[in-house]
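Counting starts at 1 for both ligands and their atoms, following the listed order. In what follows, every heavy atom counts, from backbone to side chain, and hydrogens, waters and symmetry copies are set aside.
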Amino acid sequence: MEISALTRSVVKNNHAIIAPDGYINSCVPGWTNCTVNVIINEAMGAKFSQLLTTLKSNGEIRGETQAAQIFFYVVKGRCHANVGGGEKVLTKGHYVYVPIDTPYQFNSEEEDTQVLSFHKVYEALPGYSAHPPVIFDKSAGDGDTYLGDPALRLQVLLPEKPNFDMAVNIFTYDPGGHLPFVETHIMEHGLLYLQGQGIYMLDHQWYPVKKGDSIWMAPYCQQWFTAIGKEPAVYIYYKNVNR
Ligand code: UGY
Ligand code: MN
C-alpha cells in the first residue's frame, strides 16, 4: 500500500510544486457538474490564478469576467464554447482568450473533459484597447526551435501585441534537452505538465516532476529544467509580459 503521508508537492515562499494527489475540490458559482481545483492563487502569494477543471458529460463552465481576463486551454475531451458571441466545438489543444467584462460558457460534450485556465487582473496600457475574445480551434503544434537548440521547441499561443499583459506558451523538451541557462527574471510563471517527465531546479532545490504536475514560480525564483525518460517533456505555462 502507498504511504499516504508522502507527496512530491511542496509549497514554499517563492515556488510550489502541486501534484494531483493533494487536490481538494473548490466550488465556483456558475461552474457546475465539474470538479474545480485551484492550483495557484493569490492566497499562495501569486499575482494570478491557475485552475484545472474536470467536467462530467453535463458539466458547464459559465460566467462573466470582471477585472480578470481568463485564458482557457482544453487538456483533454470535447466541449462547446460560447464566448463573446462566437461559438465553436473545442477538443484537445484548442484554447480561448476571454478579455475583461465578457460572458463565457463552456459545455462538456464528453465525460472527463479537462480545461486548464489562467486568470489575471488585466492591466490596461494607455493608448491601446483590450484584445477582443478569440477562440483558437487549431491544435497547438510543436513550436519553433528555442534559442538555437533543436532539442527545445517553444510555441507562443497568444498574439505578441502590447495590449496583452499575459503570455501563454507551450514548451517541448526532447529527452536530455534542458534550459540553456538558469533563468533569473522578474516575470512570474504558472505551468502544467502535459506530457513526460524531468527534473526542475527551483531556487537551487531539485524536484522530479511529471505529467499532471503544476508549478508556481514567483518573480526572481531561479529556474532550470531538463527532460528525462523516453518521450519529450511538454508543459504549458503562463507568464506576465509587456508591463
Ligand atoms: O519564458 C520563460 O521565461 C521560460 N523560458 N521559462 C521557463 O520555462 N521556466
Ligand atoms: Mn522563465
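Atom OE1 is the N, O or S atom of E183 at the shortest distance from the Mn ion (ligand 2).
At a threshold of 4.5 Å between side-chain heavy atoms, the hydrophobic network of Ile, Leu, Val, Met, Phe, Trp and Tyr places L52 and I215 in two separate groups.
For P159 against H131, the heavy-atom pair with the smallest separation is CG-NE2, 4.1 Å. Taking all atoms of both residues into account, the shortest heavy-atom contact from P99 to T65 is O-OG1, 2.6 Å. The heavy-atom pair separating A227 from D174 by the smallest distance is CB-O, 3.6 Å.
Near F171, meaning under 4.0 Å from one of its heavy atoms, ligand 1 places the atoms 5 (N), 8 (O). For ligand 1 and E183, the ligand atoms under 4.0 Å from any heavy atom of the residue are 2 (C), 3 (O), 4 (C), 5 (N), 6 (N), 7 (C), 9 (N). Residue Y200 approaches ligand 1 through these ligand atoms, each under 4.0 Å from one of its heavy atoms: 7 (C), 8 (O), 9 (N).
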Step by step, work out the ring-ring contact (aromatic ring centres under 6.0 Å, His included) result for Y97 and F136.
CA-CA 8 Å; Y97 174 72; F136 297 85; 8.4 Å; no

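Test F171, F225, Y237 against Y193 for ring pair (Phe, Tyr, Trp, His ring centres under 6.0 Å) and you get one pass: F225. Under the side chain to side chain donor-acceptor pair (under 3.5 Å) rule, R153 has a single partner from D142, D144, T172, which is D142.
Distances between N or O atoms of K239 and those of ligand 1 include at least one value under 3.5 Å.
For the ligand labelled ligand 1, residue M187 lies outside the 4.0 Å heavy-atom shell.
Only the side chain of Y235 comes within 4.0 Å of ligand 1, counting heavy atoms alone; its backbone N, CA, C and O stay farther away. The proximity of W224 to ligand 1, defined as any non-hydrogen pair under 4.0 Å, does not occur for either the backbone or the side chain. Contacts between Y146 and ligand 1, counted as non-hydrogen atom pairs separated by less than 4.0 Å, involve the side chain only.
Ranking the protein heavy atoms by distance from atom 9 (N) of ligand 1 puts Q223 OE1, 2.7 Å first.
Taking the Mn ion (ligand 2) as the apex, the angle formed with OE1 of Q223 and NE2 of H185 is 90°, to the nearest 10 degrees.
H15 and Y207 have their aromatic ring centers within a separation under 6.0 angstrom.
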